[in-house]
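These numbers come from a predicted model, not from an experiment.
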Amino acid sequence: MRTLSITRIKSFVGCAAPLQIYIEDYEAPEMTILDTPCRKLGKIKNGQTVSFEVTEQAAKVFVIADKLSKNYCNEYYPLPAGMDPVTLTGKCKYNPASGNAFRFDGVTDEAVLANRRKGKNKGLLVLLAAVAVGLVIGFVGGLVRSGIFSSEAPETFEGTGYSITLTEDFDAVSYEGYVAAFEGEYAVAMISTETFASYAPLSGMTVPAYGEALRDTYEMDPDILTVTPVRTENGLCYFYYTAMVDGDEFTYCTFVSKGVDAFWTLEIATYTENMEDMESDILEWAKSFRVN
């Protein structure tokens, strides 16, 4: 036997939830992750270091959020055979498409990196499947309008701590990990929060500083195509980033707000080729967003 130690570096991203740690085990499997039978080792909280006794055989070590999101919100490390203790570090990285998944530090294994890309694409497809279908139908039918994409009447959606005015074209849907989400024919809007109670230093951060922190995580992600600088204008603090989803390029408009007990993030996504026509609508929707 040998000791496996894992340190979850403290981060405001996904800080409230403990993560689950599994190890490849064909003799006493409890769950299958990425077609690999696994046994649970334990949990790890934000900023915590945990240690486990594992065999000297080569095995994959998995970190997941929960059973429901294991197919796209996951990370693994190929533990080589050996007798020496193994120490691993990592933290959750901000990326709603992958459920803000945990990432081990210093990974160069191409199979692991490919799994990260695959997981993010799965998450993006879950989030954008409906709106993508609507967009394709719209193009085929020649429904693209000049200037704005939606002439529907405004409709205000309200929930605990927030309100936003979109249009009657949008429907409320449920996305795991989000306070709320709304799908329209040409766009999808997603709302998430990070509470001050979950990570005390958040309460002292300014909105631009929080926006810069989120932006930096995208700039370091090799799968993100482009990230704009953070803008603070017209009462909004925001940046855009682009990413490929199943061969199509999408633009995500990310807006940051601060409430009395949490930071709120509003993301509105659409096809990149639609942004020139959609941007004015998106900015108007963002201006209507109110928290607390």
Side-chain angles (χ1 to χ4, degrees), residues 1-11 13-15 17-126 176-177 216-225 243-246:
M1 301 294 286
R2 55 178 165 167
T3 301
L4 167 65
S5 297
I6 302 176
T7 297
R8 179 181 172 183
I9 299 171
K10 197 165 188 177
S11 169
V13 177
C15 57
L19 301 176
Q20 317 295 316
I21 302 175
Y22 285 79
I23 191 167
E24 182 177 357
D25 191 332
Y26 283 83
E27 296 183 359
E30 299 174 4
M31 180 191 297
T32 299
I33 307 174
L34 300 181
D35 297 323
T36 304
C38 296
R39 169 176 53 86
K40 187 174 182 178
L41 292 178
K43 298 180 180 181
I44 186 168
K45 297 180 180 179
N46 194 34
Q48 186 179 27
T49 297
V50 294
S51 297
F52 309 99
E53 291 299 311
V54 300
T55 69
E56 299 168 4
Q57 299 175 341
K60 294 178 180 177
V61 177
F62 291 87
V63 179
I64 65 172
D66 52 47
K67 294 180 181 180
L68 294 177
S69 61
K70 66 176 183 176
N71 290 328
Y72 65 91
C73 183
N74 63 59
E75 172 77 332
Y76 77 88
Y77 187 90
L79 199 64
M83 301 176 60
D84 295 333
V86 177
T87 299
L88 304 175
T89 64
K91 63 181 178 180
C92 292
K93 298 294 183 71
Y94 182 81
N95 190 335
S98 64
N100 297 333
F102 179 88
R103 298 303 186 213
F104 284 113
D105 293 331
V107 172
T108 57
D109 189 301
E110 181 54 37
V112 177
L113 299 178
N115 178 63
R116 292 180 180 180
R117 294 190 291 270
K118 184 178 180 180
K120 186 173 65 175
N121 286 339
K122 285 183 179 179
L124 285 169
L125 288 173
V126 170
E176 184 179 352
D216 288 347
T217 64
Y218 285 111
E219 190 172 40
M220 294 183 292
D221 188 334
D223 295 325
I224 299 299
L225 301 178
M244 297 298 295
V245 183
D246 199 24

Test side-chain contact (heavy atoms from CB on, under 4.5 Å) applied to F52 and I21, step by step
CA-CA 10 Å; F52 309 99; I21 302 175; 3.8 Å; yes

Taking it one step at a time, do S5 and T7 satisfy side-chain contact (heavy atoms from CB on, under 4.5 Å)?
CA-CA 7 Å; S5 297; T7 297; 5.9 Å; no

side-chain contact (heavy atoms from CB on, under 4.5 Å) assessment of L79 paired with V54
CA-CA 10 Å; L79 199 64; V54 300; 4.2 Å; yes

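One finds the CD1 atom of I23 at 8.5 Å from the SG atom of C38 (value rounded to the nearest 0.5 Å). Here N115 contributes atom CG and K60 contributes atom NZ; the two are 8.0 Å apart, rounded to the nearest 0.5 Å. In this structure, CG in N71 is found 9.0 Å from CG in D35, a value given to the nearest 0.5 Å. Distance OG1/T217 to NZ/K93: 8.5 Å, rounded to 0.5 Å. Atom CG in D66 sits 7.0 Å away from atom CD1 in I64 (nearest 0.5 Å). Atom CZ in R39 sits 4.5 Å away from atom CG in D25 (nearest 0.5 Å).
Contact of the L34 side chain with the F62 side chain is registered, since non-hydrogen atoms from C-beta on lie closer than 4.5 Å. For the pair Y77/V63, no side-chain contact is recorded, criterion being any heavy-atom separation below 4.5 Å from C-beta on. Counting heavy atoms from C-beta on, the side chains of T89 and F104 never come closer than 4.5 Å. Two residues are said to be in side-chain contact when any heavy atoms from C-beta on lie closer than 4.5 Å; E219 and I224 fail this criterion.
Remark: A111 pairs with Y76, D109 by the side-chain contact (heavy atoms from CB on, under 4.5 Å) rule, at least two apart or across chains. A search for side-chain hydrogen bond (donor to acceptor under 3.5 Å, both in side chains) contacts involving E30 returns nothing, not counting sequence neighbours. Judged as a side-chain hydrogen bond (donor to acceptor under 3.5 Å, both in side chains), and not counting sequence neighbours, Q48 has no contacts.
What you find for R2 and D84 is that their closest heavy atoms are CD-O, 3.6 Å. Here the closest non-hydrogen pair linking F102 and E75 is O-CB, 3.0 Å. For the residue pair C92 and R8, the shortest heavy atom distance occurs at SG-NH2, 3.7 Å. Taking every heavy atom of both residues into account, T32 and K70 meet most closely at O-NZ, 2.7 Å. Counting all heavy atoms, side chain and backbone alike, G90 lies closest to D105 at N-OD2, 3.6 Å. Heavy-atom minimum distance, L113 versus V107: CD2-O, 4.0 Å.
Under 3.5 Å, the side chains of K43 and Q20 contain no donor-acceptor pair of N or O atoms.
Summarising the local packing, CE of M1 is surrounded by more than 12 heavy atoms from other residues, nucleotides or ligands at distances under 6.0 Å.
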